[in-house]
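Below you'll find the structure, written out as structure tokens, and then a few comments.
Each chain gets a letter, A, B and so on, in the order its sequence line appears, and its residues count up from 1. No experiment lies behind these values; they were computed from the predicted model shown.
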Amino acid sequence: MASVAERRLRMYRAIAEAIDQEMERDNTIFVMGEDVGAYGGVFGITRGLYQKYGPEYVRDTPISEAGVIGAAIGAAAVGMRPIVDLQFVDFVGVCFDQIFNQLAKIHYMSGGNVKLPVVITAAIGGGLSFAAHHSQVLYSIFAHVPGLKVVVPSNSYDAKGLMIQSIRDDNPVIYCIHKRLIGVPGMPCPETAITHVPEEPYTIPLGKASIKREGKDVTIVAAALMVHRAIEAAEMLSREGIDAEIIDVRTLVPLDKDTIINSVKKTGRLLIVDEDYKSYGMTGEIAAIVAEEAWEYLDAPIRRLAVPDVPIPFSRPLEDYVIPSAEKIYKTVKEMIK
Amino acid sequence: MASVAERRLRMYRAIAEAIDQEMERDNTIFVMGEDVGAYGGVFGITRGLYQKYGPEYVRDTPISEAGVIGAAIGAAAVGMRPIVDLQFVDFVGVCFDQIFNQLAKIHYMSGGNVKLPVVITAAIGGGLSFAAHHSQVLYSIFAHVPGLKVVVPSNSYDAKGLMIQSIRDDNPVIYCIHKRLIGVPGMPCPETAITHVPEEPYTIPLGKASIKREGKDVTIVAAALMVHRAIEAAEMLSREGIDAEIIDVRTLVPLDKDTIINSVKKTGRLLIVDEDYKSYGMTGEIAAIVAEEAWEYLDAPIRRLAVPDVPIPFSRPLEDYVIPSAEKIYKTVKEMIK
Amino acid sequence: MSHILRVEWFMVVELRKETAIEMLYTMLKIRKFEETIKDIYAEGKKPVFDLSAGPIPGFLHLSAGQEPAAVGVCIHLRADDFVSAAHRAHHIAIAKGVDLKRLAAEIFGKKTGLCKGKGGHMHLFDPQKNFSSNGIVGASFPHAVGAALAYKMQGKDSVAVAYGGDGAANQGIFHEALNLAAIWKLPVIFVIEDNSWALSFPKRLSTAISRNSDRASAYGIPGVFIPDNDLFRIFEVAGEAIKRAREGGGPTLIEIETYRFYGHYVGDPERYRAKDEVEKLRAKDPINRVKEQLIRKGWLTDKEFEELVFRASAEVDEAINFARESPYPDPEEALQDVFA
Amino acid sequence: MSHILRVEWFMVVELRKETAIEMLYTMLKIRKFEETIKDIYAEGKKPVFDLSAGPIPGFLHLSAGQEPAAVGVCIHLRADDFVSAAHRAHHIAIAKGVDLKRLAAEIFGKKTGLCKGKGGHMHLFDPQKNFSSNGIVGASFPHAVGAALAYKMQGKDSVAVAYGGDGAANQGIFHEALNLAAIWKLPVIFVIEDNSWALSFPKRLSTAISRNSDRASAYGIPGVFIPDNDLFRIFEVAGEAIKRAREGGGPTLIEIETYRFYGHYVGDPERYRAKDEVEKLRAKDPINRVKEQLIRKGWLTDKEFEELVFRASAEVDEAINFARESPYPDPEEALQDVFA
Ligand SMILES: Cc1ncc(C[n+]2csc(CCOP(=O)(O)OP(=O)(O)O)c2C)c(N)n1
Ligand SMILES: Cc1ncc(C[n+]2csc(CCOP(=O)(O)OP(=O)(O)O)c2C)c(N)n1
Ligand SMILES: [Mg+2]
Ligand SMILES: [Mg+2]
């Protein structure tokens, strides 16, 4: 993690820089997707690449997500390393077979003989009144399917390092970008998401969580925007003498169980905060791991905060109500430590 | 539950009978899907209906799952009650948008104004060397998405009652049929799946688990085929004086939390057995609920048995290894009670 | 390119004066509505540009310039006819007769909205008028197929219309929906609004042939291309297709060349399109064109036109006021309506 | 129906005797392979019929009768050309030169199989020969598009062939793949094997027009229909299309009328098809037909034919023995190969 803020970049610029540096290094890498060309990507992550690499390597596609991801698979099978921008993760439904049955399983089904180094970028999350078809998180669906790595950066520094690592990984990676962290015009992000980003290429390993704040009273596990809300809550709690440890998982697959378990062994309390739907998702998985492997260390029941199993509503008061807030995190921890 | 075995039916006949009786009652109900007509459905669940109701009401479709489920949505919006057979749940990838963004969310997005009473039937599970594209379970993906009810019968009696209830429900229902329970020729099932089925129509409420065996030492929660494996294991355990309580969840959404929690309060031990992929799925959700709501009653860490996050392999020894067996359940419980 | 299946259209649908005036009026209402909410959309979005701020938060896809495609088709429809549209749908909702107040209130996220504030501007549902829209490109095509299937099974003569953009026609589900409608000979009209853009990607590059209507031959159904945003031609072609569908003659695919006056969404920097494109399109504004046609025909005077404009403005203002003054839903309402 | 885009084919690909014999030999090998594993499939499945029992468990989709579609196309391909096929793929795998022993061993679920027993008969992957098959109908179409895109970017003259059934052509992804190949002018050949059935559903009812090749006009590319399972016509048409693709001339869609001699899978009761259909198809067995054509041409004698049959049988027997004698994978191997 960077402490000296020499060159603060917004996340979308950090990602574009990561892709750029990798494309310079390796000419099997190319980018495809809707509006990735002259437009620079709906979330800005291909800004400038079209001008530099041209329409072959930064390829605008028709609205044919299944065909395009299928094409990435075919290209990867014969030696390319495609990056496909899905825009919103919510669009996964039209290309899910190509992701979960093809991309995820071909390496295994081929007995390890076919490698598919494909990165799919997808914007997740709400908070912008984009409503039910443009505000979902859904990463736990990818994480449920064996064969996909799932990456979720929470700040610019991580975003660049995780992107370079994802591109170099020989496996399919779903790279999730939170709309409230990406920092493009129109979608403001918290200042804490805009961090120092070294100019030179660097990598962050997949499967290594990041402890955003050390603490001894309660462990809060989160990802993406929820990391920032947890930090806010922790500040409120610290004023009352409650010392929260915050873990940013950074990747759902592989999941850094050890960091979580070690933290719970220290704090004895676990709250998992998630912007995905609550049931059958990330909060359940992490709770289960701790209930299996660190049960003896728990001093209180595990708690979960997530979207309460409703589609994301459009209207601001409704959306604000269903996405976990710093206040709700604060209140929940207070209930856990009485 | 039926104890008197007057009329033992295989599950596929119980389901066909349920659909038949409902179609007789209500002419807004119709069936669509690949090979549901003269062929009678790949899993036999429309046997005889084509002959009785004809090609309009038992409608063979092209291989266009997205279009067909989309059509079911349109038909339901104007007063019909379609049942769509997806054949294998593994095909969900080509029509996932219509299921998770359309069918699941339209009632909510419309502010409750549009009702979509659609039942989708889908065959789940392995054990037949059908390999990675025809052996998945995946129900936790549906269960993760708000707006879908998820039904998983484990025997013929439940299958009929749950099917009639699913058809009458005003919400979308994903009705999962395990290939190793359905009982069509070529896919033998355990005798315990073939139960008495009353001739007259009856319903089983969605959201009510079934206690298949009472016990005091450990709670085993399972669904579909795993219920039968758990029963087998329980018999082995009982010979050693270990008394397992077995809960068949029957529906993942709504989930009967109370029955599970009450059982754990009694036994103090929980094992969840699942044929779906382990991570980010049903085992996690149920573990989390218990870790939240019955933590004080646990005498040992929760345990989970599921497919160890690999695609389902083709070769018999490989497939047998990854799907939880009665032996593995037995051994796991033994480890829990030392 | 094959045009073999293009049918020669005869003027079987007669245009009466009242109908023409009604269509013009609806176009005016749509235009006024779009321009009004465009202005309101800007409120609260300065000094920091935040899409989620102001009285109208989120995305806003406007349909100004595309009025003929909505009005010329929907004028032939009854409340029991079904329409499923895409993300850019205000014009179609209004043409289909959706209540303007509740439409506006939904766009503001108010409790009195069509969907109680849950849907938002891309997800509009009005079961009374059998209208719906969609945030997923292409997803609405089969919904019309299903409604048409139901109508056929129910023995009704209602029809269904599926709208989609030129971009949507490259989604696989377009192919599936057309094939299903064709093999089942259903009363569906597929309307492709070709505004030549899918966000930043031009149809010229996205689509292997120049006219989607020629893709009708892949399904053995009639396909008609209507150039130049021509209301009265749309009126004729759609009238004929809908009549045929009602009488059991099966589906039709219609592609309408139309104009997107604004960006893909409000706030789109539009770096990808030529500076003067909109200017050129504006010069062919369909409202002016229809106005002039009617004046030439002697069916309209300048004064009458002003009255129409005035009436349309008043109706829109009333709807907007209703929306502004309506309360927001209570936060806890978010938990309702997941299940019926 | 529009046939405007059908190109007149000239005999630009010359058929030499050795090539003809090679094709016949491969057809014999395929047939022998399919009939042999069909018999073995029955082993262990009595008295209780259990699909998962016996030396070959699971589903088994045989391609006997469809040999020409595989052989007549793949004869033109090199190892570096890419082929993606569907669930019914043995004939194509063999024609593409996949090792027969490792193919057989995979179908038996053995450690020595192409995929170490993990794939099974629907999921065959041979990166050496650039061959793959798929359990999801339609899913393989875009894989060929992507390989062709890569070849083009890499400056190679390799081509890609996507196979699919008549049923697969109604999947949305077929439309997307064709459009992408056409707009990017990629070296892809789409081959639809029209065996007139998708499991129990006849093409006549599933497909709005009688020939999928006519759907090529929706993408502005050549479409050719080849009736009657005609090996030499397939050879010509595919040769021409592949040559054009290699030279940068873009994609072609070819539909081949072919015959499914067995049920959809082994064990299919086939209640849905006329009792005498298979008999009629068998009377037109493509192997007999090619044999007679070559004898008439003076390129083959009865004795030489017998020798070919003998050689093919021996090769198949050897492969089957290899498969039978190979060990199963160790159970724990199930946990390997999820990630590279
Ligand atoms: C499946 C899917 N892919 C992508 C998008 C993002 N998106 C929304 S509108 C749009 C362009 C649509 O173009 P077109 O169909 O021509 O309609 P228009 O915007 O021109 O009215 C895109 C790419 C989406 N909403 N759904
Ligand atoms: C997406 C999907 N839908 C359905 C199936 C089940 N299925 C397997 S093969 C088949 C019929 C395929 O017909 P066709 O494409 O003509 O190939 P053929 O079997 O005739 O070779 C069906 C319905 C599947 N595997 N994948
Ligand atoms: Mg457009
Ligand atoms: Mg076929």
Side-chain angles (χ1 to χ4, degrees), chain B residues 27-30 32 55-57 59-82 84 94-95 97-98 100-118 145-149 169-173 206-207 253-254, chain C residues 80 82 84 106 111 113-120 122-128 130 132-136 138-154 156 158 160 162 171-181 183-184 186 188 329 333-334 336-340:
Chain B
N27 71 4
T28 66
I29 300 168
F30 70 103
M32 289 197 281
E56 281 267 307
Y57 277 80
R59 186 176 288 266
D60 276 314
T61 69
I63 308 177
S64 307
E65 289 88 353
V68 169
I69 293 182
I73 291 170
V78 299
M80 304 298 282
R81 304 183 82 89
V84 182
V94 301
C95 51
D97 180 69
Q98 289 296 328
F100 101 103
N101 271 334
Q102 311 300 327
L103 189 57
K105 296 185 173 63
I106 284 176
H107 182 70
Y108 187 84
M109 293 193 299
S110 73
N113 289 319
V114 177
K115 278 188 196 141
L116 297 180
V118 176
V145 177
L148 301 171
K149 297 195 175 177
D169 199 296
D170 274 343
N171 297 289
V173 175
L206 310 187
V253 179
Chain C
D80 58 292
F82 185 94
S84 58
E106 187 59 33
K111 195 182 167 84
L114 274 182
C115 313
K116 307 181 194 158
K118 286 188 169 127
M122 279 191 274
H123 319 92
L124 303 164
F125 295 87
D126 183 347
Q128 263 89 51
N130 283 294
S132 64
S133 71
N134 216 299
I136 301 296
S140 49
F141 290 126
H143 300 173
V145 172
L149 173 63
Y151 292 149
K152 194 173 177 186
M153 292 176 78
Q154 292 162 351
K156 293 182 182 157
S158 317
Q171 276 284 28
I173 204 162
F174 175 67
H175 171 63
E176 296 186 10
L178 279 163
N179 188 60
L180 291 175
I183 58 170
W184 293 337
L186 298 178
V188 193
E333 287 177 39
Q336 295 162 13
D337 298 324
V338 180
F339 289 112

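Contacts with chain B were tallied for C/G119, C/G138, C/A150, C/A147; C/A147 has the most, counting heavy-atom pairs under 4.5 Å. Contact tally against chain C (heavy-atom pairs below 4.5 Å) for B/K115, B/K105, B/R59: the top residue is B/R59. Between chain C and the residues B/G74, B/P146, B/P117, B/A77, the most heavy-atom pairs under 4.5 angstrom are made by B/G74. Counting heavy-atom pairs closer than 4.5 Å to chain B, the top residue among C/F174, C/F141, C/Y151 is C/Y151. Here C/M153 is the residue among C/K116, C/Q154, C/M153, C/H175 with the most heavy-atom pairs under 4.5 Å with chain B. Interface remark: of the candidates B/D170, B/N101, B/D97, B/D97 forms the most heavy-atom pairs closer than 4.5 Å to chain C.
Using a 4.5 Å cut-off between heavy atoms, B/V68 touches chain C through backbone and side chain atoms alike. Only the side chain of C/F82 comes within less than 4.5 Å of a heavy atom of chain B; its backbone N, CA, C and O stay farther away. Heavy atoms of C/D126 lying under 4.5 Å from chain B are absent altogether. At a 4.5 Å heavy-atom cutoff, C/A162 makes no contact with chain B through either its backbone or its side chain. Looking at B/I69, there are no atoms closer than 4.5 Å to chain C (heavy atoms on both sides), in backbone or side chain. Proximity to chain B is limited to the side chain of C/N179, based on heavy atoms less than 4.5 angstrom apart. If you measure heavy-atom distances from C/L180 to chain B, the contacts under 4.5 Å come from the side chain alone. Using a 4.5 Å cut-off between heavy atoms, C/A139 touches chain B through backbone and side chain atoms alike. Residue B/E56 touches chain C through both its backbone and its side chain, counting heavy-atom pairs closer than 4.5 Å. Heavy atoms closer than 4.5 Å to chain B are found nowhere in C/L186, neither backbone nor side chain.
When all heavy atoms of B/H107 and C/V338 are compared, the pair lying nearest together is CD2-O, 3.8 Å. Between C/A340 and B/N171, the closest heavy-atom pair is N-OD1, 2.6 Å. Residue B/V253 comes nearest to C/F339 through the heavy atom pair CG1-CZ, 4.0 Å, listed as atom of the first residue, atom of the second, then distance. Taking all atoms of both residues into account, the shortest heavy-atom contact from C/V145 to B/A71 is CG1-CB, 4.3 Å.
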Stepwise side chain to side chain contact (heavy atoms under 4.5 Å, CB included) test for C/H143 and B/I106
CA-CA 12 Å; C/H143 300 173; B/I106 284 176; 4.2 Å; yes

Stepwise side chain to side chain contact (heavy atoms under 4.5 Å, CB included) check, B/M80 with C/L149:
CA-CA 10 Å; B/M80 304 298 282; C/L149 173 63; over 6 Å; no

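A donor-acceptor contact shorter than 3.5 Å is absent between the side chain of C/K118 and the backbone of B/Y108. Side-chain atoms of B/Q98 never come within 3.5 Å of backbone atoms of C/P142 as a donor-acceptor pair (strictly under, hydrogens ignored).
Taking OG from B/S110 and CG from C/D337, the interatomic distance works out to 7.0 Å, rounded to the nearest 0.5 Å.
Side-chain atoms of B/N113 and C/Q128 form no donor-acceptor pair, as typed in the model, at a separation below 3.5 Å.
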